[in-house]
Amino acid sequence: MLYIVSTPIGNLKDITLRAIETLKSVDLIAAEDTRHTKILLDAYQIQKPLTSFFEHNQIKKADHLLGLLKMGKNIALVSDAGTPGISDPGFLMVRLAQENNIPITVIPGVSACISALTASGLPAHRFVFEGFLPPKSGARRNKLIALKGQEATIIFYESPHRLLKTLKDMQDVWDDPTIVVARELTKKFEEVRKDKASRLIEHFTLHAPKGEFVLLYQGS
Ligand code: SAM
């Protein structure tokens with residue numbers, strides 16, 4: 001069995017009983033960063049062999065994991081935070097397992113995009129998850145232009161060092177829209193800030209962006 005296991009996005013208590021049970025029961029845990037996952041495992045006294053499964057080794061590693069699954073081993077796939085496959089490695093492994101008739105089960109849990117959406121106060125009946133915008137400004141602006149007129153709440157992941165650049169592109173392309181910035185969810189410095197892009201730019205110019213960010217925009 002291949003288990004796809006969600007893990008916390010900051011607060012280690014945000015793990016499900018089923019996730020703990022599963023991590024305790026499998027033969028092997030495939031993790032994006034084994035040192036990072038070890039912190040979670042130690043917190044719950046879980047002692048299981050770990051192997052790395054990250055973006056740049058996933059194709060080769062998936063074949064190896066498939067071999068073990070075919071031998072009857074139980075493997076849990078986790079990422080550094082949240083739900084595997086959501087802006088993280090995961091779907092290739094699931095597809096390979098499906099194609100080889102390996103049973104798969106999901107242990108659902110936290111994802112930053114859903115946590116941010118529910119905390120944003122923006123309509124959640126229709127939403128689009130865009131993940132990370134392109135790092136280069138030209139491509140990023142083109143993407144924002146293409147998203148104009150989407151009748152949905154649009155969710156982006158963003159890194160602290162690109163936050164201001166992205167907010168500036170949103171200000172230009174979407175004519176100073178209202179944006180929700182959800183920062184460090186479930187952690188000590190959690191905050192959800194809703195304001196015009198121009199005012200958010202002022203704020204984050206004065207207070208250098210730190211931590212992890214989700215940006216949300218109510219398309220119309
Ligand atoms: N698989 C993860 C999930 O289900 O949310 C996402 C992994 S992605 C590589 C990491 C990005 O998720 C961060 O750069 C940030 O945009 C967002 N993120 C993760 N944890 C967060 C948190 N505690 N608060 C706000 N955003 C977070």
Side-chain angles (χ1 to χ4, degrees), residues 2-16 18-19 22-23 29-37 39-40 43 52-58 76-95 104 106-122 124 127-136 140 143-144 147 153-167 169-170 179-195 197 200 203-204 207-217:
L2 173 66
Y3 295 89
I4 311 299
V5 183
S6 294
T7 58
I9 57 167
N11 189 325
L12 290 187
K13 289 182 184 160
D14 292 333
I15 188 155
T16 67
R18 208 169 146 235
T22 303
L23 294 173
I29 299 171
E32 212 184 342
D33 179 339
T34 53
R35 281 169 307 176
H36 185 96
T37 297
I39 298 169
L40 177 73
S52 68
F53 185 84
F54 53 90
E55 200 183 336
H56 300 294
N57 80 349
Q58 61 173 324
L77 180 68
V78 301
S79 62
D80 279 357
T83 299
I86 308 299
S87 291
D88 266 341
F91 94 90
L92 281 178
M93 187 66 230
V94 173
R95 192 158 70 186
I104 300 157
V106 65
I107 315 294
V110 194
S111 190
C113 56
I114 300 299
S115 305
L117 178 64
T118 45
S120 69
L122 299 180
F127 60 89
V128 175
F129 174 61
E130 283 290 334
F132 290 95
L133 280 162
K136 293 205 172 137
R140 187 164 59 233
K143 183 81 202 175
L144 294 176
L147 288 169
T153 294
I154 312 177
I155 310 170
F156 305 94
Y157 284 166
E158 196 46 282
S159 68
H161 71 274
R162 270 206 293 271
L163 180 81
L164 277 168
K165 290 180 192 155
T166 294
L167 285 172
D169 285 341
M170 288 176 169
I179 300 290
V180 176
V181 176
R183 168 176 172 256
E184 291 285 90
L185 296 173
T186 78
K187 303 189 207 175
K188 187 172 175 194
F189 296 108
E190 168 173 328
E191 67 169 342
V192 177
R193 197 170 273 275
K194 183 179 187 181
D195 217 329
L200 292 167
H203 173 82
F204 286 110
H207 306 92
K210 281 193 196 129
E212 302 199 90
F213 291 85
V214 182
L215 303 183
L216 304 99
Y217 165 68

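Worth knowing before you read on, the calculation uses all heavy atoms, side chains too, and leaves out hydrogens, waters and symmetry mates. Atoms within a ligand are numbered from 1 in the order they appear, just like the ligands themselves.
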**OP:** Without swapping roles, check the side chain of Tyr157 against the backbone of Cys113 for a donor-acceptor pair under 3.5 Å.
**Re:**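 Yes; judged by distance alone, with no hydrogens or angles, the pair exists.
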
NZ (Lys187) with more than 12 external heavy atoms under 6.0 Å: yes

ask   = Would you say Phe213 has more than 12 foreign heavy atoms packed within less than 6.0 Å of its CZ?
value = yes

Output a table of donor-acceptor pairs, distance under 3.5 Å, between side-chain atoms of residues 77-84 and any protein atom two or more places apart or on a different chain; print 'none' if there are none.
from  : atom 1 : to     : atom 2 : distance (Å)
Ser79 : OG     : Ala81  : O      : 3.1
Ser79 : OG     : Asp88  : OD2    : 2.9
Asp80 : OD1    : Asp33  : N      : 3.2
Thr83 : OG1    : Ser6   : OG     : 2.9
Thr83 : OG1    : Val110 : O      : 2.8

**Report entry** Contact summary for Gly121 and Lys194, nearest pair of heavy atoms
**Finding:**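 Minimum heavy-atom contact is O-NZ, 4.3 Å.
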
Using heavy atoms and a cut-off under 4.0 Å, could you grab the residues that are in contact with ligand 1, chain by chain, numbers ascending?
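The 4.0 Å shell around ligand 1 contains Ile9, Ala81, Gly82, Thr83, Ile86, Ser87, Asp88, Ser111, Ala112, Phe132, Tyr157, Glu158, Ala182, Glu184, Leu185, Lys187, Glu212, Phe213, Val214.
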
When Ile15, Thr186, Thr16 are each screened for side chain to side chain contact (heavy atoms under 4.5 Å, CB included) with Pro8, the one that passes is Ile15

